Peer 1: 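A single structure is presented below for examination.
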Amino acid sequence: MKKKNLIVFGTRPEAIKMAPLVRQFLQNDSFDTKVCVTAQHREMLDQVLDFFEIVPDYDLNLMKPNQNLYSLTATIIENMKPVLDEVKPDFVYVHGDTTTSMAVGIAAFYSGAKICHVEAGLRTFDRQYPFPEEFNRQLTGKIADYHFSPTELSKKNLLAENTKESSILVTGNTVIDALLYGIEKVNAENFKDSEIESLKTLLNFQKKIILVTGHRRENHGDGLISICAALKTIAEKNKDVEIIYPVHLNPNVIGPVNELLGGIENIYLVSPLAYPAFIWLMEKSYLIITDSGGIQEEAPSLGKPVLVTRTTTERPEAVDEGTVILVGTNSNRIIEETEKLLNNTAYYNDMSMLHNPYGDGKATERIVNFIEAL
Ligand code: UD1
Ligand code: UDP
């Protein structure tokens, strides 16, 4: 009898990081694998499904404009019941720290399936940062039967919480599996992409490109206002720089960003880019300013320095390696660190050395082998 897998995700980053696992399981005859999307995100999720050619078996289509954590959590749990009843999975796979991961973890526990947590064990140990992700990840860790940790440090965090060692496997992060697949596809001779063509005409690549993203809930309001003020000053003082900011669709982000940064000559506000255009642009950028978890993990593979607009991170490995600096949301600090990277070549070169602590592109293979051997 084939083992039954149900892989569930809902947001853009989960989709990117689960895509290699979906593709690998679907090619493996020992498993009957089904994919369910909660669609906590809609447009930003669909961009990823298209690129990785994934057609979900179940699409709960749950996203509501400006949704809140209470109703999102409740609806996910409720809507997972019929899917779990029908599929009767042996294993349910959830990823990381979103509301989808946590709520699907709870639903899967009720169903009696074994819960496999991909990207397990990252911690800040402060439940307010990032909010609500740290709590989501800790809770999912409590519910999970198997923990796929990207690094030795994340395994150590789980052991410190008395997680059984035999249930933890250090795999590397599947984000690197996705990135390697993505870069190869994007650089293939016959690959055509209209977003990439538009970026080529929009930006002047003779100038230094600063790529910006930002969406964290704890930065909504004052944090985001302060980040935007810094970007405005950087753009005005450095005419040899172009800033491009693909703006997250969350209304708490789009509103202030458009208001504070719209109409500035060398700042380009664009819609979220599909994954191929985004990784193409990361490669062409001089520097990245972001609060994204996934981008902190990808950028070191591309040799790009990252200024992280957060005061704490559950991904300290690249900070220790020196390719990521936590700058918080203070305008002066962001301006200071950016100017240093723009003007001090030796400092820039040191920070952009190619080394990635997050994986070797074989995380997915390790996960599949582990489950197959059970
Ligand atoms: C969510 C995750 C966060 C993750 C981020 C990745 C939670 C609590 N938050 O935050 O951990 O880092 O995704 O981007 O799980 N929207 C759209 N279209 C989309 C996506 C979002 O219009 O494709 C808008 C909707 O109005 C939606 C709002 O953004 O209600 C917020 O989406 P939500 O998933 O609740 O929060 P994020 O800030 O995206
Ligand atoms: N990304 C993308 N288009 C964009 C911005 C980001 O495809 O316009 C990708 C990026 O390469 C990374 C992931 O989305 O893999 C990060 O998602 P996000 O920042 O939304 O979430 P987080 O990683 O912070 O949870």
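From a predicted model like this one, the values you see are computed outputs, not experimental measurements. When a ligand or atom number is given, it counts from 1 through the structure's own listing order. Starting from 1, each residue takes its place in the sequence as its number.
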Peer 1: Would you mind checking if Arg315 and Glu119 are paired as a salt bridge, meaning a charged N to carboxylate O distance below 4.0 Å?
Peer 2: yes

Peer 1: Quick one: ring pair (Phe, Tyr, Trp, His ring centres under 6.0 Å) partners of Tyr275, sequence neighbours excluded?
Peer 2: Phe51, Phe52

Peer 1: Just to be sure I read this right, does ligand 2 sit under 4.0 Å from the backbone of Phe278, its side chain, both, or neither, counting only heavy atoms?
Peer 2: side chain

Peer 1: Ligand 2 and Val175, any nitrogen or oxygen pair closer than 3.5 angstrom?
Peer 2: no

Peer 1: Relative to the heavy atoms of Gly293, which atoms of ligand 2 are at a distance of less than 4.0 Å?
Peer 2: 22 (P), 23 (O), 24 (O)

Peer 1: Distance-only, no hydrogens or angles: does the Glu133 side chain make a donor-acceptor pair with backbone N or O of Gly96 under 3.5 Å?
Peer 2: no

Peer 1: Is His147 reaching over with its side chain to a backbone N or O of His117, donor-acceptor style, under 3.5 angstrom?
Peer 2: no

Peer 1: I need the nearest protein heavy-atom contact for atom 25 (O) of ligand 2: residue, atom name and distance, please.
Peer 2: Pro13 CG, 3.4 Å

Peer 1: Below 3.5 Å, N or O to N or O, backbone or side chain included: is there any such pair between His248 and ligand 2?
Peer 2: no

Peer 1: For the residue pair Tyr286 and Tyr348, categorise the inter-ring angle as parallel (less than 30°), tilted (30 to 60°) or perpendicular (more than 60°).
Peer 2: parallel

Peer 1: I'd like to know if the side chain of Lys3 reaches the main chain of Pro89, judged simply by a donor and an acceptor atom lying under 3.5 Å from each other, with no hydrogens or angles considered.
Peer 2: no

Peer 1: Can you find an N or O of Met44 that's nearer than 3.5 Å to an N or O of ligand 2?
Peer 2: no

Peer 1: Test your reading of the model: is there a side-chain donor-acceptor pair from Arg333 to the backbone of Leu326, 3.5 Å cut-off?
Peer 2: yes

Peer 1: Starting from atom 10 (C) of ligand 2, which protein heavy atom do you reach first, and at what distance in Å?
Peer 2: Glu298 OE1, 3.4 Å

Peer 1: Hey, does Asp291 come in under 3.5 Å of ligand 2, counting only N/O atoms on both sides?
Peer 2: no

Peer 1: If we ignore hydrogens and angles and just use 3.5 Å, is the side chain of Lys237 paired with the main-chain N or O of Ile234 as donor and acceptor?
Peer 2: no

Peer 1: What atoms of ligand 2 come within less than 4.0 Å of a heavy atom belonging to Leu273?
Peer 2: 2 (C), 3 (N), 4 (C), 7 (O), 8 (O)

Peer 1: Under a 3.5 Å threshold, I'd like every N/O contact between ligand 1 and protein atoms, with atom names and distance.
Peer 2:
from, atom 1, to, atom 2, distance (Å)
ligand 1, 11 (O), Glu133, OE2, 2.5
ligand 1, 12 (O), Arg216, NH2, 3.1
ligand 1, 13 (O), His41, NE2, 3.1
ligand 1, 14 (O), His248, NE2, 3.0
ligand 1, 15 (O), Gln40, NE2, 2.8
ligand 1, 15 (O), Thr99, N, 2.8
ligand 1, 15 (O), Thr99, OG1, 3.4
ligand 1, 18 (N), Glu43, OE1, 2.8
ligand 1, 23 (O), Arg42, N, 3.1
ligand 1, 23 (O), Glu43, N, 3.1
ligand 1, 23 (O), Glu43, OE1, 3.2
ligand 1, 23 (O), Met44, N, 2.9
ligand 1, 26 (O), Asn66, N, 2.8
ligand 1, 30 (O), Lys64, O, 2.7
ligand 1, 30 (O), Asn66, N, 3.0
ligand 1, 30 (O), Gln67, N, 2.9
ligand 1, 32 (O), Gln67, NE2, 3.4
ligand 1, 34 (O), Gln40, NE2, 3.0
ligand 1, 34 (O), His41, NE2, 3.2
ligand 1, 34 (O), Gln67, NE2, 3.3
ligand 1, 35 (O), Gln67, NE2, 2.9
ligand 1, 36 (O), Arg217, NH1, 3.3
ligand 1, 38 (O), Asn250, ND2, 3.0
ligand 1, 39 (O), His41, NE2, 2.6
ligand 1, 39 (O), His248, NE2, 3.1

Peer 1: Decide if atom CG of Asp222 counts as having more than 12 heavy atoms of other residues, nucleotides or ligands within a radius under 6.0 Å.
Peer 2: no

Peer 1: Atoms of ligand 2 less than 4.0 Å from Pro272 heavy atoms?
Peer 2: 8 (O)

Peer 1: Nearest protein heavy atom to atom 23 (O) of ligand 2, by residue and atom, and its distance?
Peer 2: Gly294 N, 2.7 Å

Peer 1: Would you say ligand 2 has an N or O under 3.5 Å from any N or O of Arg12?
Peer 2: yes

Peer 1: Just to confirm my output: which protein heavy-atom neighbour is closest to atom 13 (C) of ligand 2, and how far is it?
Peer 2: Ile16 CD1, 3.7 Å

Peer 1: Arg216: heavy atom below 4.0 Å from ligand 2, yes or no?
Peer 2: yes

Peer 1: How close do Thr309 and Thr329 get, counting heavy atoms only, and between which atoms?
Peer 2: O-CG2, 3.7 Å

Peer 1: Considering both backbone and side-chain atoms of Ala274, is one of its nitrogen or oxygen atoms within less than 3.5 Å of a nitrogen or oxygen in ligand 2?
Peer 2: no

Peer 1: Is the side chain of Lys155 donor-acceptor paired with the backbone N or O of Ile168 at a distance under 3.5 Å, no angle test?
Peer 2: no

Peer 1: Given Ser292, Pro246, Gly214, Gly182, identify the one with the heavy atom nearest to atom 19 (O) of ligand 2.
Peer 2: Ser292

Peer 1: Give the other cluster members for Leu69, using side-chain heavy-atom distances under 4.5 Å between Ile, Leu, Val, Met, Phe, Trp and Tyr residues; answer none if it is isolated.
Peer 2: Phe131

Peer 1: With distance as the sole test, does Glu134 use its side chain to make a donor-acceptor pair with the main-chain N or O of Phe125 at under 3.5 Å?
Peer 2: yes

Peer 1: For Glu197, give me all partners under side-chain hydrogen bond (donor to acceptor under 3.5 Å, both in side chains), at least two apart in sequence or on another chain.
Peer 2: Lys200

